[in-house]
Amino acid sequence: MALSRLCSRSNGFLKPATIALPIHRYVSTNTSPITIETAKDFTPHLCEAPSRAVETSSEEMLSFFRDMARMRRMEIAADSLYKAKLIRGFCHLYDGQEALAVGMEAAITKKDAIITSYRDHCTFLGRGGELVDAFSELMGRKTGCSNGKGGSMHFYKKDASFYGGHGIVGAQIPLGCGIAFAQKYSKEEAVTFTMYGDGAANQGQLFEALNIAALWDLPAILVCENNRYGMGTATWRSAKSPAYFKRGDYVPGLMVDGMDALAVKQACKFAKEHALKNGPIILEMDTYRYHGHSMSDPGSTYRTRDEVSEMRQIRDPIERVRKLLLSHDIATEKELKDMEKEIRKEVDDAVAKAKESPVPDSSELFTNIYVKDCGLVSYGADRKEVKVTLP
């Protein structure tokens with residue numbers, strides 16, 4: 001029930017001002033189950049489709065909105081920082097695809113591993129990463145999540161089983177299957193979500209890794225984030241069979257509306273249960289990115305502005321959750337706008353704090369590469385020679 005409506009129905013002996021805060025806490029933490037149907041059907045391959053009726057709660061729906069809005073604002077800020085030349089090198093933004101990050105997290109635990117490609121900022125945030133750590137890494141500062149040495153494509157959070165951001169197309173897929181092998185070998189009762197784009201779906205290493213995963217019944221869930229364009233190439237131009245969830249042939253698959261956080265949650269819950277019992281499964285997430293492939297791509301030469309605008313109006317993941325919150329009387333439009341204002345300030349504060357962080361020392365150029373004392377020499381800003389001894 002919307003907060004303002006709750007206030008209007010309150011006991012006349014109590015002033016609305018005195019009960020506003022407790023009611024706000026009650027609504028935002030209400031875990032009573034509610035059931036909402038997904039926007040679209042699931043399309044299965046060699047398996048039964050999960051139910052479209054998804055059990056959720058007011059608390060979870062509000063968290064979906066809050067987390068996706070934070071991710072969207074982070075990526076918009078990253079766009080500005082890149083244009084201001086505070087972020088250098090490659091930078092691939094995730095706005096439009098936020099439902100994948102929040103829906104997946106809602107279905108799993110931190111014991112379950114995630115490994116992805118270079119479009120990794122929001123996945124890091126979903127795993128519990130801090131905004132300031134994200135912005136520090138983007139700007140190459142030593143307080144970043146990879147100590148300022150990974151940049152946009154190499155976020156990492158080991159304590160939450162997030163094994164990065166990888167810059168080589170498709171290279172994370174065999175690594176993800178390797179993590180799943182370790183989980184099975186150690187009897188961890190956990191799974192690994194290996195994420196890749198439609199542009200990597202034709203890679204030979206995907207099929208080699210999938211073959212081994214199927215032979216050994218590994219708890220590997222391969223997630224194809226099909227945002228319809230591999231760089232600037234549409235899927236119909238690059239794939240004879242663009243039904244990526246069927247590409248495993250003998251491996252089950254599921255087509256999912258990747259713009260619907262509830263559908264993603266339901267699919268990931270289904271996939272985890274399947275993988276623990278039966279081995280690998282492929283999830284194809286039908287999604288869309290609003291930015292170009294990277295910041296060097298305007299994203300307008302291979303698709304029309306009308307196409308992007310239509311996707312924003314019809315399938316935007318944040319707007320879908322906003323409508324559900326309003327229609328189920330969980331929050332009012334004003335309350336959601338106030339939340340977005342708070343998030344904007346939170347992001348601005350994180351950017352300001354990240355800018356204050358120093359860059360790594362020059363000697364850090366040679367750390368995390370070789371073992372002890374490789375005999376390398378570094379030169380400081382004053383050009384004085386510094387012997388590098390590695391731990």
Side-chain angles (χ1 to χ4, degrees), residues 67-98 100-101 114-157 160 162-169 171-172 195 197 199 225 227 229-232 288-301 308 318 340 343-362 364-365 367-368 381:
D67 292 345
M68 287 195 291
R70 184 181 289 114
M71 291 172 182
R72 179 73 57 87
R73 178 53 54 179
M74 176 183 68
E75 296 296 61
I76 291 171
D79 174 286
S80 299
L81 290 169
Y82 191 93
K83 290 172 180 174
K85 299 185 178 180
L86 290 170
I87 297 175
R88 300 290 186 138
F90 294 103
C91 185
H92 306 80
L93 303 182
Y94 207 69
D95 50 323
Q97 300 183 211
E98 299 92 348
L100 299 178
I114 299 178
I115 188 168
T116 189
S117 64
Y118 37 75
R119 205 178 302 277
D120 58 357
H121 311 160
C122 294
T123 308
F124 168 77
L125 220 59
R127 291 264 84 182
E130 299 291 338
L131 280 168
V132 67
D133 295 341
F135 285 121
S136 295
E137 191 59 41
L138 285 167
M139 292 188 279
R141 309 304 172 96
K142 66 191 305 181
T143 56
C145 58
S146 296
N147 300 324
K149 299 170 66 176
S152 171
M153 298 195 293
H154 301 288
F155 279 32
Y156 189 78
K157 189 171 174 57
F162 178 50
Y163 294 99
H166 293 263
I168 304 300
V169 175
Q172 74 277 9
M195 304 173 75
E225 298 182 276
N227 59 27
Y229 298 95
M231 297 186 72
Y288 198 83
R289 56 171 165 79
Y290 295 151
H291 267 84
H293 171 72
S294 69
M295 284 300 297
S296 61
D297 168 25
S300 57
T301 58
V308 180
I318 299 176
E340 289 175 308
I343 289 168
R344 181 174 297 192
K345 184 180 185 305
E346 182 185 356
V347 170
D348 290 344
D349 290 346
V351 170
K353 188 174 180 180
K355 286 179 179 179
E356 295 174 358
S357 176
V359 298
D361 297 332
S362 57
E364 288 294 317
L365 283 168
T367 59
N368 311 123

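What you are looking at is a predicted structure, and each value in this text was computed from that prediction instead of being measured. Along the sequence shown, residues carry numbers from 1. Below, each value reflects all heavy atoms present in this structure, side chains not excepted, and no hydrogens, waters or symmetry copies.
Looking only at side-chain heavy atoms (C-beta outward), Leu81 and Lys355 come within less than 4.5 Å of each other. The shortest side-chain heavy-atom distance between Tyr82 and Cys91 falls under the 4.5 Å cut-off. Looking only at side-chain heavy atoms (C-beta outward), Arg289 and Arg119 come within less than 4.5 Å of each other. Side-chain contact between Leu131 and Arg70 is present, with at least one heavy-atom pair separated by less than 4.5 Å. At least one side-chain heavy atom of Tyr290 sits under 4.5 Å from a side-chain heavy atom of Arg72. Ile343 is listed as a side-chain neighbour of Arg73, based on a closest heavy-atom distance under 4.5 Å. The side-chain heavy atoms of Met295 and Asp79, taken from C-beta on, include a pair separated by under 4.5 Å. No side-chain heavy atom of Lys157 sits under 4.5 Å from any side-chain heavy atom of Cys145.
Of all the heavy atoms in Ala354 and Ser136, the pair that sits closest is CB-OG, 3.4 Å. In plain terms, the two heavy atoms of Gly165 and Asp120 that are nearest each other are CA-OD2, 3.1 Å. Heavy atoms only, all atoms of each residue included: Ala77 and Val351 are closest at CB-CG2, 4.4 Å. Of all the heavy atoms in Ala78 and Leu138, the pair that sits closest is CB-CD1, 4.1 Å. Summarising the geometry of Gly199 relative to Val169, their closest heavy-atom pair is O-CG1, 4.3 Å, with the distance given to 0.1 Å. In terms of heavy-atom proximity, Ile87 sits nearest to Met139 at CG1-CG, 4.1 Å.
Within a 6.0 Å radius of NZ in Lys353, other residues, nucleotides and ligands contribute 12 heavy atoms or fewer. A 6.0 Å sphere centred on CD of Glu130 holds no more than 12 heavy atoms belonging to other residues, nucleotides or ligands.
Aromatic pair Phe155/His121: ring centres closer than 6.0 Å.
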Evaluation steps, side-chain contact (heavy atoms from CB on, under 4.5 Å), between Met195 and Ser117: CA-CA 7 Å; Met195 304 173 75; Ser117 64; over 6 Å; no
Worked check of side-chain contact (heavy atoms from CB on, under 4.5 Å) between Ile114 and Thr123: CA-CA 8 Å; Ile114 299 178; Thr123 308; 3.8 Å; yes
Ile168 and Tyr118: CA distance, side-chain angles, deciding distance, side-chain contact (heavy atoms from CB on, under 4.5 Å) verdict: CA-CA 8 Å; Ile168 304 300; Tyr118 37 75; over 6 Å; no
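The backbone N or O of His293 sits less than 3.5 Å from a side-chain atom of Asp297, completing a donor-acceptor pair. With hydrogens and angles disregarded, a donor-acceptor distance shorter than 3.5 Å links the side chain of Glu137 to the backbone of Gly151. Within the 3.5 Å criterion, the main-chain N or O of Asn227 finds no donor-acceptor partner in the side chain of Gln97. A donor-acceptor contact shorter than 3.5 Å links the side chain of Lys149 to the backbone of Glu364.
Residue Met74 holds its CE atom at 4.0 Å from SG of Cys122, rounded to the nearest 0.5 Å. A distance of 7.5 Å separates CE in Met71 from CD in Glu98, rounded to the nearest 0.5 Å. Of the inter-residue distances, the one linking Phe135 atom CZ with Arg141 atom CZ reads 13.0 Å to the nearest 0.5 angstrom. Remark: Tyr156 OH to Tyr163 OH distance equals 6.0 Å, nearest 0.5 Å. Separating the CE atom in Met153 from the OG atom in Ser294 is a distance of 9.5 Å, to the nearest 0.5 Å. Distance check, rounded to the nearest 0.5 Å: CD1 of Ile76 to CG of Leu93 gives 9.5 Å.
Among residue pairs with one or both ends in residues 86-95, those qualifying as side chain to side chain donor-acceptor pair (under 3.5 Å) are Tyr94-Glu225, Asp95-His291; sequence neighbours excluded.
One finds no salt bridge joining Asp348 and Arg344 here, because no Lys/Arg side-chain nitrogen approaches an Asp/Glu carboxylate oxygen to under 4.0 Å.
For the salt bridge (charged side-chain N to carboxylate O under 4.0 Å, His left out) test, residues two or more places apart in sequence or in another chain that qualify with Asp349 are Lys345.
Phe124 and Phe162 have tilted rings, their planes meeting at an angle from 30° to 60° on a 0 to 90° scale.
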